[in-house]
Amino acid sequence: MTVRTRFAPSPTGYLHIGGARTALFSWLFARKHGGTFILRIEDTDRERSTQESVNAILEGMTWLGLEYDEGPFFQTHRFDRYAEVVDDLLERGLAYRCNCSRERLDGLREKALAAKEKPRYDGHCRDGEVSADEPHVVRFKNPLDGIVVVDDLIRGRVAFDNTELDDLIIRRTDGTPTYNFTVVVDDLDMELTHVIRGDDHLNNTPRQINMIRALGKEPPQYAHVPMILGSDGQRLSKRHGAVSVMQYRDDGYLPEALLNYLVRLGWSHGDQEIFTIDEMIELFDIDQVNKAASAFNTDKLLWLNQHYIKDSDPLRIARLLSPHMGKLDIDPAQGADLVEVVKAQQERAKTLVEMADISAFAYKDFDEFDADAAKKHLRPVAREPLERVQAALSTLTEWSGEGILSCVTQVSEELGLNMGKVAQPLRVAVVGRAASPSIDVTLMMAGREATLRRIDKALAFIRAREAAA
RNA sequence: GCUCCCAUCGUCUAGCGGUUAGGACGCCGCCCUCUCACGGCGGUAACAGGGGUUCGAAUCCCCUUGGGAGUACCA
């Protein structure tokens, strides 16, 4: 039997972290077993579904590299099929028309709550004959007794009593089908073997199984993955910190870092933390997935992102970094070789946004010195070292790392100072702040002109300071 | 309220009857060092509580507590 899994988001928003992980697990499971991964858009809620969301979800999947083999299928394109199945159920007496009023339903609900019971439809129309000509919904005839067992790949055996379930609506008054029903029809029609989805669907599963059985079929295997919580331990939701996966791209994260982070959220393979995509596919196993919800932790994502930035081909990083430079009004083609910049900054940046920020000095002058750095390093004592190093640098016939370094060491030796006493003021003068790659690389990045010019500026700064003292 | 699910360091987790309860992120030291990083070394820190079962429980069972989900003519 070929494995067939699906990811079935509803297009009522962007692809968020939780959805992305569910998609990842489904995708990995299919890939591991040489199966098929299907994308299905559950857009039966026509009020809230938007094309914009569909695009956002597709874009997110693409960015993460979670390519699907079939789909995307849209449920709104399958209304004829759902109608057909509802009619069949109706004919076979496994579903019935119901015209109970909103008021009656509300009353039922209130009464149940007052009696400390679970609100349930009472089956009022179950045996009645509501005409197809009057407004009505169609309800599924849920078994009245017995238990439904969900053999969950992650949770184990979970049993529900049929008396806890009621006759759910499968077709609305306006003729459109409802979620729990379309899922059943689709999962069956698409011949899914494994349904991997969020924990929040566990309670829907017994109803779905009952419908599947009514349709004369056997349910697929289920695996309900736990939720992802926000860093505060609260549930991640659209209104609570669940940001779009595309936001992570914009914030300078690499897709492989996000994927690696996500796969370790709720799943593990011994003590291993770093997984290539191939390793994930090879090692992933659904029954190694944790049962407990887990909290999203940005620090760890940051660590992974840095790891992947550090380990990646500089050429690729440069390509990904480019748009972030653009946001800083920098055209990387004008100035230092971006690939060289990446090589110099690879182990200094946790995100591409940060890398762009700390590399800007190689392309344009900064507005002002970082206050702390200037206070500490652009002091009167730094004046002579700066003047000397500037003089030495200006005589360099070739602007090279070796030449730059020898200027700095030579000046520090002449003045009997530690190299830091020369390099730090020089660094602050050229970069505007106290941290940058090694001094030779830094000056190479800034270039001869900018270096000499900025030293002038730093010297002016020191003189002004002396004058003020 | 009712039904269902869950519970190991702050966080992600290993553990699947016998371990000094391991790793990772973070944090704190030290080393490296022209700064920042990287890297190396070391440290901090957990079995929610209570009952059982057992020669022996983080591991199995029950209860409590605490989280979460569902309870829609949403998905």
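Residue numbers start from 1 in every chain, and the chains themselves are labelled A, B, ... in the order their sequence lines are given, proteins ahead of strands.
In summary, A:Arg40 and A:Asp189 do not engage in a salt bridge, as defined by a charged side-chain N under 4.0 Å from a carboxylate O. Taking 4.0 Å as the cut-off between side-chain N and carboxylate O, A:Glu273 and A:Lys300 count as a salt-bridged pair. Salt bridge absent: A:Arg197 and A:Glu42 never bring a charged side-chain N and a carboxylate O closer than 4.0 Å. Here A:Asp166 does not pair with A:Lys118 in a salt bridge; the nearest charged N to carboxylate O distance is not below 4.0 Å.
One interatomic measurement links the two molecules: NE2 of A:His307 to C1' of B:C38, which rounds to 13 Å at whole-angstrom precision. In this structure, the CD atom of A:Glu103 is 13 Å from the P atom of B:C73, given to the nearest Å. In this structure, CG of A:Leu108 is placed 16 Å from P of B:U71, rounded to the nearest angstrom. Going from atom CD1 of A:Ile17 over to atom C1' of B:C12 covers 14 Å, rounded to whole Å. Going from atom CZ of A:Arg427 over to atom C1' of B:U33 covers 11 Å, rounded to whole Å. The nearest whole Å value for the distance from the OH atom in A:Tyr121 to the P atom in B:U3 is 23 Å. Distance, A:Asp152 CG to B:C4 C1': 12 Å, rounded to whole Å. Protein atom CZ of A:Arg40 is 11 Å distant from nucleotide atom C1' of B:A75, rounded to whole Å.
A close approach under 4.0 Å does not occur between any side-chain nitrogen or oxygen of A:Gln272 and OP1 or OP2 of B:A24. Listed pair A:Lys310 / B:G39 meets the phosphate criterion, a side-chain N or O lying under 4.0 Å from OP1 or OP2. For A:Ser268, a side-chain nitrogen or oxygen approaches OP1 or OP2 of B:A14 to under 4.0 Å. Taking side-chain N and O atoms only, A:Arg109 has a distance below 4.0 Å to OP1 or OP2 of B:A72. Between A:Ser438 and B:U35, a side-chain N or O to OP1/OP2 separation shorter than 4.0 Å is absent. Side-chain nitrogen and oxygen atoms of A:Thr44 include at least one within less than 4.0 Å of the OP1 or OP2 phosphate oxygen of B:A75.
Comparing atom distances between the A:Lys300 side chain and each of B:G23, B:U3, B:C5 picks out B:G23 as nearest. In the set B:A7, B:G26, B:G68, B:A7 carries the atom at the smallest distance from any side-chain atom of A:Ala292. For A:Lys118, the listed nucleotide lying nearest its side chain is B:U71; candidates were B:C12, B:U71, B:A75. Comparing B:U35, B:G70, B:G26 against the side chain of A:Trp303 picks out B:G26 as the nearest. Comparing atom distances between the A:Arg348 side chain and each of B:C36, B:C6, B:A75 picks out B:C36 as nearest. For A:Gln424, taking side-chain heavy atoms from C-beta onward, the closest of the listed nucleotides B:A69, B:C6, B:U35 is B:U35. Checking B:C36, B:C12, B:C4 against the side-chain heavy atoms of A:Phe160 singles out B:C4 as nearest. For A:Pro119, the side-chain atoms get nearest to B:A72 when compared with the rest of B:A72, B:G23, B:A75. In the set B:C25, B:C73, B:C5, the nucleotide with an atom closest to the side chain of A:Ile169 is B:C73.
Where A:Gln288 and A:Leu202 each meet RNA chain B at their nearest nucleotide, the meeting point lying more 5' is that of A:Leu202. Summary of the strand contacts: A:Asn180 and A:Leu405 both lie near RNA chain B, and taking for each the nucleotide with the nearest heavy atom, the more 5' one is attributed to A:Leu405.
For a distance-only test at 3.5 Å, the side chain of A:Ser436 fails to qualify as a donor-acceptor partner of the base of B:C36. Contact annotation: side chain of A:Asp271 to base of B:G22, donor-acceptor pair present below 3.5 Å. For A:Asn203 against B:A69, a side-chain-to-base donor-acceptor contact under 3.5 Å is present.
Note on A:Gln346: nothing from the nucleic acid sits closer than 4.0 angstrom, heavy atoms only. Among the protein residues, A:Asn204 comes within range of the nucleic acid bases, having at least one heavy atom under 4.0 Å from a base atom.
Using P as the reference atom, B:G70 and B:C30 are 50 Å apart when rounded to the nearest Å. Taking atom P in both B:G40 and B:G15, one finds a spacing of 25 Å when rounded to whole Å. With both ends at atom P, the span from B:A58 to B:G52 equals 15 Å, rounded to whole Å. Across B:A46 and B:A14, the matching C1' atoms stand 13 Å from one another, rounded to whole Å.
Residues A:Thr451 and A:Ala446 come closest through the heavy atom pair OG1-CB, 3.7 Å.
Summarising the base pairing, B:C2 is matched to B:G70 through a Watson-Crick or G-U wobble pair whose two defining distances lie under 3.5 Å. As the counterpart of B:G29, B:C41 is assigned, both hydrogen-bonding distances of the Watson-Crick or G-U wobble pattern falling under 3.5 Å.
Atom CZ of A:Arg379 has 12 or fewer heavy atoms from other residues, nucleotides or ligands within 6.0 Å.
Side-chain rings of A:Tyr253 and A:Tyr308 stay apart, their centers remaining 6.0 Å or farther from each other. Checked against the 6.0 Å centroid criterion, the rings of A:Phe140 and A:Phe181 do not qualify as a close aromatic pair.
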